[in-house]
Amino acid sequence: MAEISVSIAGGESKQFSEGIAAADAIKDLVSNKQRKKIIAVRAEDNIVDLTTPLTTDVELQPIEIGSPESLEILRHSAAHIMALAVKELYGDGVKVAIGPAIADGFYYDFDREKAFTPDEFEAIESKMAELAEARIPFVRKVVAKQAAVDFFQKAGEEYKLELLGEIESDTVSLYEHSSFTDLCRGPHIPDSSWLKVFKLLRVAGSYWRGDETRPMLTRIYGTAFFDQKELKKYLTQLEEAKKRDHRKLGKELGLFTIQDQIGPGLILWQPRGALLRKLIEDYWKDEHYKNGYQLLYTPHIARQDLWKTSGHLDFYGENMYSAMEIDEVKYQLKPMNCPFHIGVFNSTKHSYREFPIRWCELGTVYRYERTGALHGLMRVRGFTQDDAHIFCRPDQLEEEIFNIIDLNLHILKTFGFDQYDVYLSTRPEKYVGSDEHWELSTSALKHALEKKGLAYEVDPGEGVFYGPKIDIKIKDQLGRSWQCSTIQVDFNLPDRFEMSYTGEDGAEHQPIMIHRALMGSLERFIGVLIEHYAGAFPIWMAPEQARILNITDDQAEYCEQLFGQLRLAGVRIEKDLRNEKLNYKIREAQLMKIPYMLIIGDREKEEGLVTVRLRNGKNLPPMRPEEFIEHIQKECAQGICPE
RNA sequence: GCCGAUAUAGCUCAGUUUGGUAGAGCGGCUGAUUCGUAAUCAGUAGGUCACCGGUUCAAGUCCGGUUAUCGGCUCCA
């Protein structure tokens with residue numbers, strides 16, 4: 001038999017007989033200690049099983065426990081073992097669909113008459129543990145496609161058959177574990193005993209192949225790790241995310257409420273939430289004024305004809321609230337602000353000298369969202385966009401986009417977001433406008449991003465029908481992504497509404513329009529802020545910045561005087577002068593995540609001082625009220641301009 | 001919209017399996033207590049058990065429907 005030469009990532013190579021399993025070659029190439037950590041190998045850019053026979057000279061890169069690849073392999077294998085467990089427990093009543101590894105774990109989709117419930121987790125988990133202990137090998141078999149078709153046909157696994165039908169190559173790989181054989185590319189763990197730490201997390205419905213016209217399957221989600229500690233850490237993280245849930249915090253901190261009586265997806269802002277929102281809106285308006293924007297206010301409804309002209313009724317009518325008839329004319333709630341801004345534009349004649357025109361509005365829009373999509377503040381039916389429309393000449397486009405990006409990143413940074421992913425979406429298959437326009441605006445977006453030095457990904461064909469766009473997805477404290485900012489170039493609406501300006505040449509020209517939203521929806525953005533800060537907002541945003549706590553009634557008068565002084569100085573201060581113990585008041589203020597507690601006892605009263613307790617439990621040295629005002633003002637200024 | 005789960009006092013939850021007219025803690029109110037860095041004590045009020053219908057002598061509990069919420073899927077101009 002021929003000899004092949006095998007080496008480990010840059011190390012010395014050794015000779016083996018052709019066809020030796022990767023695992024056996026590794027035995028001779030690495031220490032025993034290292035070998036026990038190797039779960040698979042990378043050979044010529046492909047990760048393969050340890051059982052793979054080696055047939056040519058090759059350099060192997062071990063995939064060791066702890067690497068992201070190793071986790072993916074483990075979880076993918078866990079999905080298979082779960083499917084085996086389910087098959088063994090419930091037999092032929094269950095058909096298998098797909099079971100991949102995902103970011104934090106794995107899932108498997110099953111088709112069973114009755115959906116799975118979490119009550120069944122325990123049985124499935126213990127079956128999985130039993131199978132893991134049994135050291136069931138993952139046996140890879142490469143067979144002719146037709147053989148696989150025959151096999152799954154016999155087994156009645158219609159979903160696998162459908163997948164097979166789409167595979168182009170003549171051969172496919174199957175993995176056999178005990179009584180269960182799955183169509184799978186692999187790679188996998190060598191045997192089930194590698195699966196020691198796992199947990200099933202939840203069940204959910206899921207359409208076959210994500211297509212809502214296809215059957216609804218039941219999906220079981222789980223996760224797996226190599227180390228018990230890692231699982232524990234992950235579960236703690238889930239707990240942490242639960243604690244930060246904006247719906248829970250929104251209730252606890254008295255920010256907002258959603259009530260059946262009012263309607264689903266409609267937000268009632270409570271006083272604290274309303275104040276938080278006012279602070280954000282004020283900041284937003286100030287920042288826009290500084291950047292050459294003018295503020296507009298527009299109505300919530302308009303004649304239906306407007307939405308016909310704009311094209312909204314044709315393209316998105318299903319998501320608009322239905323019409324109401326007033327004096328025999330149909331009106332509809334606005335799903336977007338743009339036609340109104342165009343209305344303002346068209347109310348007067350324009351010259352090329354006026355451009356760029358930058359108009360912004362915190363515009364409240366209503367969109368019909370399907371019931372299953374609603375989610376706290378994140379997905380609602382009535383929300384306020386931080387909208388703006390910039391009208392400009394072609395020669396101004398690039399600079400305007402650059403300015404928008406600049407303002408965008410500045411505002412995001414002020415809110416504490418400096419991690420984001422940027423996407424440039426280009427022309428989709430169905431589009432309006434000339435190639436020349438698309439070329440101009442796509443390159444303007446691209447140049448602006450490059451000039452700003454931003455790394456971005458191109459999403460080919462993901463642009464809006466009327467123009468290309470830039471999307472910015474911010475990352476929160478827990479590393480989750482949220483799509484907020486969007487910048488879109490539009491030639492469609494200027495055309496539909498026959499917008500024009502008089503050029504230098506005395507002729508009429510059509511302006512270019514840029515739509516943009518930075519925070520996106522105020523509701524959603526505040527939802528993200530709540531989770532990002534876990535409700536402990538920076539001083540400049542905190543609805544209640546400080547609370548005065550007296551120790552006994554003896555200091556009440558001094559507290560009232562302090563309260564007045566701080567209010568006048570612009571501090572958002574409240575007072576808790578109830579006849580309660582100091583501990584009780586501190587606890588309450590702490591739970592409300594109030595940045596400063598001003599503790600006032602006889603000592604402070606005598607000397608005219610305040611003792612400041614921070615929400616992290618530490619104290620500032622006692623200071624005069626004026627010093628505290630200065631301190632808080634300084635901190636606010638720093639918070640608003642982080643650079 | 002689809003699959004599954006859930007809905008009891010302002011909040012967090014018990015009671016539902018085995019039908020017999022509702023319970024705790026927190027919060028509210030009243031009183032006592034005047035206290036120095038995360039819950040003082042006592043008393044008291046508060047519920048058409050989401051809504052509509054059915055079964056039953058009797059329904060928070062069983063059955064059907066509706067609505068909303070939650071976990072996902074789909075969707076998000």
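The shown structure was predicted, so the numbers you read here are calculated from the model rather than taken from an experiment. Every chain is numbered from 1 and lettered A, B, ... according to where its sequence line falls, protein lines coming before strand lines. Note: hydrogens, waters and symmetry copies are ignored here, and every other heavy atom, side chains too, is used.
Here rA38(B) presents its P atom at 12 Å from CG of Asn616(A), a figure rounded to the nearest Å. As rounded to whole Å, 16 Å separates atom P of rC11(B) from atom CG of Leu249(A). Here the P atom of nucleotide rA5(B) and the CG atom of Asp119(A) are 9 Å apart, to the nearest Å. Following rounding to the nearest Å, Asp111(A) (CG) and rC2(B) (C1') show an atom-to-atom distance of 14 Å. Taking atom CZ on Arg381(A) and atom C1' on rA68(B), their separation rounds to 11 Å, with Å as the unit. When the P atom of rA39(B) is taken as reference, atom CG of Leu549(A) falls 14 Å away, rounded to whole Å. Separating the CD1 atom of Ile267(A) from the C1' atom of rA68(B) is a distance of 14 Å, rounded to the nearest angstrom. Computed from coordinates, the Lys605(A) NZ to rG36(B) C1' distance equals 15 Å when rounded to whole Å.
In summary, Arg247(A) and Asp245(A) engage in a salt bridge, as defined by a charged side-chain N under 4.0 Å from a carboxylate O. Salt-bridge check for Arg603(A) with Glu606(A): failed, with every basic side-chain N at 4.0 Å or more from each acidic carboxylate O. For the pair Arg516(A) and Glu400(A), the salt-bridge criterion is not met [side-chain N within less than 4.0 Å of a carboxylate O]. Salt-bridge check for Asp471(A) with Lys469(A): passed, with a basic side-chain N closer than 4.0 Å to an acidic carboxylate O. Between Arg209(A) and Asp211(A), no side-chain nitrogen of the basic residue sits less than 4.0 Å from a carboxylate oxygen of the acidic one, so the salt-bridge criterion is not met. Look at Glu120(A) and Arg112(A) and you find a salt bridge, because one of the NZ, NE, NH1 or NH2 atoms lies within 4.0 Å of a carboxylate O, short of that distance.
Nucleotide rC73(B): paired with rG1(B) (Watson-Crick or G-U wobble, both distances less than 3.5 Å). Across all strands shown, rA7(B) forms a Watson-Crick or G-U wobble pair, both distances under 3.5 Å, with rU67(B). Applying the Watson-Crick and G-U wobble criteria (two distances, each under 3.5 Å), rG43(B) pairs with rC29(B). rA24(B): Watson-Crick or G-U partner is rU12(B), with both key distances under 3.5 Å.
A donor-acceptor contact under 3.5 angstrom links the side-chain atoms of Asp553(A) to the base of rU34(B).
With hydrogens and angles disregarded, no donor-acceptor distance shorter than 3.5 Å links the side chain of Glu361(A) to the backbone of Ala388(A).
Note on Glu252(A): nothing from the nucleic acid sits closer than 4.0 angstrom, heavy atoms only. Contacts of Lys585(A) with the nucleic acid, taken as non-hydrogen atoms under 4.0 Å apart, are absent. Residue-level contact check: Asp554(A) touches neither bases nor backbone, having no heavy atom under 4.0 Å from any strand. When heavy atoms are screened at a 4.0 angstrom cut-off, Gln555(A) is found touching no nucleic acid atom at all.
A donor atom on one side chain and an acceptor atom on the other are found under 3.5 Å apart for His631(A) and Glu635(A).
Between Tyr584(A) and rC41(B) there is no side-chain N or O to OP1 or OP2 distance below 4.0 Å. Here Arg214(A) does not reach the OP1 or OP2 of rC2(B): none of its side-chain N or O atoms lies under 4.0 Å away. Remark: Asn583(A) is not in phosphate contact with rU37(B), judged by side-chain N or O atoms under 4.0 Å from OP1 or OP2. Side-chain nitrogen and oxygen atoms of Lys251(A) include at least one within less than 4.0 Å of the OP1 or OP2 phosphate oxygen of rU12(B).
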Next on the checklist: Return a single string for nucleotides 69-77 of chain B, one symbol per nucleotide in 5' to 3' order, where B is base contact, S is sugar-phosphate-only contact and - is none, cutoff 4.0 angstrom on heavy atoms.
Outcome noted: SSBBBBBBB
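Heavy-atom distances under 4.0 Å link RNA chain B to Arg587(A), Gln590(A), Leu591(A) of residues 587-594 of chain A, given in residue order.
Less than 6.0 angstrom separates the ring centroid of Phe116(A) from the ring centroid of Tyr90(A).
For the ring-ring contact (aromatic ring centres under 6.0 Å, His included) test, residues two or more places apart in sequence or in another chain that qualify with Tyr159(A) are Trp208(A).
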Checklist entry - Going through the distances and angles, do Glu531(A) and His246(A) end up as a side-chain hydrogen bond (donor to acceptor under 3.5 Å, both in side chains)? => result CA-CA 6 Å; Glu531(A) 303 207 355; His246(A) 73 283; 2.9 Å; yes
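Residue-to-nucleotide proximity on RNA chain B shows that, of Ile599(A) and Ala115(A), the 5′-proximal contact is made by Ala115(A).
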